Protein chains: 2
Amino acid sequence: MHSFTEENYLKAIYHLSEGNSVAVSTNSIAEVTNTKAASVTDMLRKLADKKLINYVKYQGVTLTGIGIKAAVNIIRKHRLWEVFLVEKLGFKWDEVHDIAEELEHINSISLIDRLDDFLGNPIADPHGDPIPDRTGNFKHKTLIKVSDMKQGQGGIISGVSEHSSIFLKHLEKLSLTLGTKIIITDVIEFDGSIILTVDETKERTISREVAKNILVIL
Amino acid sequence: MHSFTEENYLKAIYHLSEGNSVAVSTNSIAEVTNTKAASVTDMLRKLADKKLINYVKYQGVTLTGIGIKAAVNIIRKHRLWEVFLVEKLGFKWDEVHDIAEELEHINSISLIDRLDDFLGNPIADPHGDPIPDRTGNFKHKTLIKVSDMKQGQGGIISGVSEHSSIFLKHLEKLSLTLGTKIIITDVIEFDGSIILTVDETKERTISREVAKNILVIL
DNA sequence: CCAAAATTTTAGATTAACCTAAACTTATAA
DNA sequence: TTATAAGTTTAGGTTAATCTAAAATTTTGG
Ligand SMILES: [Mn+2]
Ligand SMILES: [Mn+2]
Ligand SMILES: [Mn+2]
Ligand SMILES: [Mn+2]
């Protein structure tokens, strides 16, 4: 199997390439893994030796088929554990990411498949992210950023692209949680701030920065 | 915090000293941690520096107060996860130990306390071993080995001192599971084999070796 | 009581994952 | 188009955890 560290690199590459096969740079990997570029280069050679990535010096990396499989499996575990923590243990959606970062490395196929069943085979995690099934298949819904919506448009909040506790708590305070219906009332020309109606009743103003990280289905 | 490896050494020392403060030898630690004596010596120096053990060269080790606390906490996590795996995910009692060996190293106090509540604050794990509460307190019931019982004595199976899958499956096949009532019908003089009545109905013969690893309350 | 056996420690290496500093390659913009 | 900047790799080290072989200490049985 792969080490804890190797798994974290695979996951980082997967997320940076957004599931597609966009080549990922050494520096960007160093940033998300909290390491230095030189350390990343060492690891890339190792992952390439194991046929988990396609690596050409100076040209960035993509995951191979087996690299994608491995990464998706870690993501499956991460998201299922997050569902467990929220649905069964009563954690808030902003508290579960760090614990799931540890749990995602537990190795046991039967464990995760049983957990999946125990949770009722959920299709999305507490942040709206889709959960791959046991064969690794999953569909990413096409979500659009609130910052890309026009005045008068409405939608259902279905995901977030920033998972920090501070951001999620902020959304909660504004009642901007998953499943909430919003309508864009106005877009302020000066700074791009957005005024919206929440659940057809409350009115809220959010900054462009916040709007960029809220994803909706129209 | 302590590394994965340090935690495994602490747990090993705790189990080898049977919870008391019996001094534990380098070789015995090497055996249960699957390492060599030289590696153990290195680690002992490190644990002593951290004030987790009392270590005098050539004289074996005992855990300090904080060492015991750390060890008991790992055991608490191990046993709670085993309960979760059996009660919630439907694993058999012989399948959970290895998975719990990984889960016991997940670090989050709120996680384990919530898990404890979710499970209904169980006092024993699937093998009958007592679960420390969140303050680290727990009582070890006084159990006696079936191999120490005399003809005519009866008792309730309440624990096992061998956790291997092969042994546990064997017990299951004989209906010798936790909570089962047994009565010693006969002890064979030739080899110490024991004939017993299970649940007042079935009759079983077990070897002395098996009898040594079954624990009962009289 | 003491020499041989058993146990434990030390010495010296190895491997994985990381680092800094220097060298090298690629991108960019004047 | 080429010099500088930006990005990446290499060179050379460190630390944690492991090992084998050799040296030191303790235990044991005749
Ligand atoms: Mn997460
Ligand atoms: Mn998530
Ligand atoms: Mn166990
Ligand atoms: Mn157990």
Side-chain angles (χ1 to χ4, degrees), chain A residues 1-17 21-63 67 70-71 74 101-102 104-107, chain B residues 1-17 21-63 67 70-71 74 101-102 104-107:
Chain A
M1 257 305 100
H2 314 123
S3 72
F4 186 101
T5 310
E6 289 168 347
E7 290 191 345
N8 281 337
Y9 275 90
L10 290 174
K11 192 172 48 127
I13 296 166
Y14 184 89
H15 281 133
L16 287 166
S17 65
S21 37
V22 182
V24 170
S25 74
T26 301
N27 267 349
S28 64
I29 297 169
E31 197 182 334
V32 304
T33 55
N34 281 304
T35 58
K36 297 302 160 74
S39 309
V40 173
T41 300
D42 284 349
M43 181 57 78
L44 294 184
R45 185 167 313 108
K46 194 173 161 196
L47 294 175
D49 286 349
K50 289 191 165 194
K51 314 281 186 210
L52 292 163
I53 60 172
N54 305 114
Y55 173 47
V56 183
K57 263 203 226 178
Y58 293 104
Q59 307 303 305
V61 292
T62 56
L63 292 171
I74 300 159
E101 286 290 307
E102 294 194 52
E104 73 189 5
H105 300 288
I106 302 291
N107 263 321
Chain B
M1 256 305 101
H2 315 123
S3 72
F4 187 100
T5 310
E6 287 168 346
E7 291 192 343
N8 280 338
Y9 275 90
L10 290 173
K11 192 171 47 127
I13 296 167
Y14 184 89
H15 281 131
L16 287 167
S17 64
S21 37
V22 183
V24 170
S25 74
T26 301
N27 267 349
S28 64
I29 298 170
E31 197 182 332
V32 303
T33 56
N34 281 305
T35 58
K36 296 303 159 73
S39 309
V40 173
T41 300
D42 284 348
M43 181 56 79
L44 294 183
R45 183 166 315 106
K46 194 173 162 196
L47 295 175
D49 287 348
K50 289 192 165 194
K51 315 282 186 207
L52 293 163
I53 60 173
N54 306 114
Y55 173 48
V56 182
K57 262 203 224 177
Y58 292 103
Q59 306 302 305
V61 292
T62 56
L63 292 171
I74 299 159
E101 286 290 306
E102 293 194 53
E104 72 189 6
H105 300 290
I106 302 291
N107 265 320

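Just so we're on the same page: letters track the sequence lines, and every chain starts at 1. On a predicted model such as this, the values are computed, not experimentally measured, just so you know. Just the heavy atoms: all of them, side chains too, but no hydrogens, waters or symmetry mates, feed the values below.
- Contacts of A:Ser25 classified as side-chain hydrogen bond (donor to acceptor under 3.5 Å, both in side chains), with partners at least two apart in sequence or in another chain: A:Ser28.
- Rounding to the nearest 0.5 angstrom, the gap separating the CG atom in A:Asn107 from the CD atom in A:Glu7 is 5.5 Å.
- Put simply, CG on A:Leu16 and OG1 on A:Thr33 are 9.0 Å apart, with the number rounded to the nearest 0.5 Å.
- For B:Tyr58, counting side-chain heavy atoms from C-beta on, the closest listed nucleotide (D:dT26, D:dT18, C:dT26) is D:dT26.
- You'll find that the side chain of B:Thr5 is closest to D:dT18, out of D:dG7, D:dT18, C:dT7.
- Between A:Leu44 atom CG and D:dT8 atom P there is a gap of 10 Å when expressed in whole angstrom units.
- The phosphate of D:dA24 (OP1 or OP2) has no side-chain N or O of B:Lys57 nearer than 4.0 angstrom.
- Minimum atom distance to the side chain of B:Tyr9 is reached by D:dT18, of the listed C:dC18, D:dT8, D:dT18.
- Under 4.0 angstrom from either OP1 or OP2 of C:dT9 there lies no side-chain N or O belonging to B:Arg45.
- Each salt bridge (charged side-chain N to carboxylate O under 4.0 Å, His left out) pair with one or both residues in residues 21-44 of chain B, not counting sequence neighbours, would appear here, but there are none.
- Taking atom CE on B:Met43 and atom P on D:dA16, their separation rounds to 10 Å, with Å as the unit.
- Considering only residues two or more places apart in sequence or on other chains, A:Ser17 meets the side-chain contact (heavy atoms from CB on, under 4.5 Å) condition with A:Val22, A:Val24.
- Atom CG of A:Leu47 and atom C1' of C:dC18 are 15 Å apart (whole Å).
- The interatomic distance linking A:Lys50 (NZ) with C:dT15 (C1') rounds to 13 Å, in whole Å.
- For B:Phe4, the ring pair (Phe, Tyr, Trp, His ring centres under 6.0 Å) partners are B:His105, not counting sequence neighbours.
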Side-chain donor-acceptor pairs under 3.5 Å in residues 47-60 of chain B, sequence neighbours left out?
from, atom 1, to, atom 2, distance (Å)
B:Lys50, NZ, B:Glu6, OE1, 3.0
B:Lys50, NZ, B:Glu6, OE2, 3.2
B:Asn54, OD1, B:Thr62, OG1, 3.1

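- Atom CD of A:Glu31 and atom P of D:dT8 are 12 Å apart (whole Å).
- OP1 and OP2 of D:dA6 both lie 4.0 Å or more from every side-chain N or O belonging to A:Asn27.
- Across the protein-nucleic acid pair, A:Glu6 atom CD and C:dC18 atom C1' stand 14 Å apart, rounded to whole Å.
- Rounded to whole Å, atom P of D:dA16 lies 11 Å from atom CG of B:Asp42.
- Contact annotation: B:Thr26 reaches the phosphate of C:dT9 (side-chain N/O to OP1 or OP2, under 4.0 Å).
- For DNA chain D, the residues of residues 32-41 of chain A within the heavy-atom distance limit of 4.0 Å (strictly under) are A:Ala37, A:Ala38, A:Thr41, sorted by number.
- The phosphate of D:dT8 (OP1 or OP2) has no side-chain N or O of A:Gln59 nearer than 4.0 angstrom.
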